[in-house]
Q: 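Here's a structure for you.
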Amino acid sequence: MTAPSFSVYGLATPLVHAGDDMATHILAAVKRSECRGLQAGDIVVVAESALATAEGRTTRLADIEPSAEALRFAEEYHMDPRHVEVVLRESDRVVGGIPGFLLCMKGGTLLPNAGIDASNAPSGSVVLLPVDPDASAARIRAAIAERTGADVGVIVIDSRTHAMRLGCSGVAIGCSGIPSVIDERGKQDLFGRELEVTKRAVADCIASAAELVMGEANECVPAAVVRGIGLPTGDYAGVATIDASECLFMGVALHTDPALLVDGKRKP
């Protein structure tokens, strides 16, 4: 039996600017890369910061007037009030925070500062998340299919920290053309026991693999091609999430303090 394997190819591009077409950047980079074109079943991974920049999702802090709530959070968590104001505007609700970060709920997921980052943004600006990462992934996938004929999957990724772990790794925030989670329930383990709860977050695993070649600093590698995973491609959309009450980490916290999840006015 041959063990499975896959390949990851980084896609280097020029600096991305507002109004750029990410599909054009990706396809030009593919021609220069060692992957030698796109094939059916390939998975194109795109960094959210580059995509958001192309979609005009950067904000100049000098243009932001902090609200009273932003000023209060900024004092409590030692943050720039203008940055806090942008975070509040982008958040569904604020859960809490630590110095430098607000922990926010946004689009059914828990993330620091509503995904807003000053890294890889022009001086004095911050980059927001794409408005609809799933729709962005679908547009890029459709453009690639139209221009190359290749049926690929597309994942939009971000980097996140995880509970009680140092450092960050990749996580999928948008997905088109492949399933984001594979249900392994019903399969048997090495000793014949049936798996009862296991579901593999394959899009997140692919995101982390791609981040190894994409980097986090000034590499200018905002995309990658992952080949050989063997996932089905087709009419798949979105990244599967669960309610906070079903989450192991948030669920325990909610049982301890049911008022933990609060809206922007700090009310349950």
Side-chain angles (χ1 to χ4, degrees), residues 47-49 51-52 55-61 63-119 121 125-137 155-165 168-175 180-181 201 203-204 207 237-268:
E48 56 79 22
S49 56
L51 177 61
E55 293 180 350
R57 293 280 287 166
T58 57
T59 295
R60 293 178 65 249
L61 294 180
D63 298 333
I64 301 299
E65 183 67 31
S67 62
E69 184 180 24
L71 292 170
R72 178 168 58 82
F73 275 127
E75 182 177 1
E76 182 176 359
Y77 295 112
H78 311 292
M79 297 175 63
D80 184 329
R82 302 167 301 174
H83 193 170
V84 172
E85 178 62 30
V86 180
V87 171
L88 293 179
R89 294 177 187 180
E90 289 292 307
S91 300
D92 296 329
R93 61 185 69 178
V94 175
V95 175
I98 61 172
F101 297 93
L102 293 177
L103 191 58
C104 309
M105 292 294 297
K106 179 180 174 66
T109 198
L110 188 68
L111 66 165
N113 287 346
I116 295 166
D117 200 349
S119 300
S125 298
V126 291
V127 181
L128 286 57
L129 291 180
V131 172
D132 188 340
D134 291 330
S136 297
I155 304 174
V156 179
I157 72 168
D158 195 3
S159 56
R160 304 273 171 83
T161 57
H162 299 276
M164 305 297 290
R165 296 300 297 265
C168 58
S169 57
V171 61
I173 64 170
C175 193
S180 64
V181 174
D204 289 340
V239 178
T241 61
I242 58 175
D243 186 76
S245 62
E246 301 177 63
C247 172
L248 174 62
F249 304 109
M250 285 299 295
V252 170
L254 284 170
H255 285 303
T256 303
D257 180 7
L260 179 62
L261 288 183
V262 295
D263 64 19
K265 297 180 181 179
R266 308 294 284 174
K267 295 179 181 179

Q: So, for E90 and K106, which heavy atoms are closest and what is the spacing to 0.1 Å?
A: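 What the structure gives for the nearest pair is O-NZ, 3.0 Å.
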
Q: Shortest non-hydrogen contact from V156 to P133?
A: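 Distance-wise, the nearest heavy atoms are CG2-O, 3.8 Å.
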
Q: Do R89 and I64 have side-chain heavy atoms sitting under 4.5 Å apart?
A: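 R89 vs I64: side chains touch.
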
Q: Compare every heavy atom of R160 with every heavy atom of L110, then report the nearest pair and how far apart it is.
A: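 Closest pair (atom of L110, atom of R160, distance): O-NH1, 4.4 Å.
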
Q: So, using side chain to side chain contact (heavy atoms under 4.5 Å, CB included) as the criterion, who are the partners of T241 when residues are at least two apart?
A: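 Counting only residues at least two positions away or on another chain, T241 forms no side chain to side chain contact (heavy atoms under 4.5 Å, CB included).
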
Q: List the atom of S67, the atom of L88, and the distance in Å for their closest heavy-atom pair.
A: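 Heavy atoms of S67 and L88 come nearest at OG-CD1, 4.4 Å.
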
Q: Between R57 and E48, is there a side-chain N and carboxylate O pair less than 4.0 Å apart?
A: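 Salt bridge flag = no for E48 with R57.
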
Q: Going by the rule side chain to side chain contact (heavy atoms under 4.5 Å, CB included), which residues pair with A240 if we only count those two or more places apart in sequence or in a different chain?
A: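 In terms of side chain to side chain contact (heavy atoms under 4.5 Å, CB included), with neighbours along the sequence ignored, A240 is linked to S180, V181.
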
Q: To the nearest 0.5 Å, tell me how far L111 CG sits from L102 CG.
A: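 Answer rounded to 0.5 Å: 11.0 Å.
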
Q: In Å and rounded to the nearest 0.5 Å, what is the CG to OG1 distance from L128 to T59?
A: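 Output value for this atom pair is 4.5 Å.
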
Q: Does the side chain of V239 reach to within under 4.5 Å of the side chain of I173, using non-hydrogen atoms?
A: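 The answer is no; the side chains never approach within 4.5 Å.
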
Q: Which residue in the set D63, V87, L61 passes side chain to side chain contact (heavy atoms under 4.5 Å, CB included) when paired with R82?
A: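 That would be L61.
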
Q: Do the side chain of D204 and the main chain of V171 share a donor and acceptor less than 3.5 angstrom apart?
A: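 Looks like no, no N/O pair under 3.5 Å.
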
Q: So which heavy atom on A207 is nearest to which on A172, and how close?
A: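 The pair with the smallest heavy-atom distance is CB-N, 4.0 Å.
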
Q: To the nearest 0.5 angstrom, please state how far the OH atom of Y77 sits from the CZ atom of R72.
A: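 Answer for the OH-CZ pair, Y77 versus R72, is 9.0 Å.
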
Q: Determine, step by step, whether V94 and M105 satisfy the side chain to side chain contact (heavy atoms under 4.5 Å, CB included) criterion, reporting the C-alpha distance in whole Å, the side-chain angles of both residues, the deciding distance to 0.1 Å, and the verdict.
A: CA-CA 6 Å; V94 175; M105 292 294 297; over 6 Å; no

Q: May I have the step-by-step check of side chain to side chain contact (heavy atoms under 4.5 Å, CB included) for E55 and V131, ending in yes or no?
A: CA-CA 9 Å; E55 293 180 350; V131 172; 5.6 Å; no

Q: Report yes if some heavy atom in the side chain of N113 is under 4.5 Å from a heavy atom in the side chain of M79; otherwise report no.
A: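 Result yes, sub-4.5 Å side-chain heavy-atom pair found.
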
Q: Do you know the tightest heavy-atom contact between A114 and L129?
A: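 That closest heavy-atom pairing would be O-CD1, 3.7 Å.
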
Q: With no hydrogens and no angle check, is any side-chain donor or acceptor of D117 less than 3.5 Å from a backbone partner on S119?
A: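 Yes, D117 side chain to S119 backbone: donor-acceptor pair under 3.5 Å.
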
Q: Is there a side-chain contact between V127 and I116 (heavy atoms, below 4.5 Å)?
A: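 No - every pair of side-chain heavy atoms lies 4.5 Å or more apart.
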
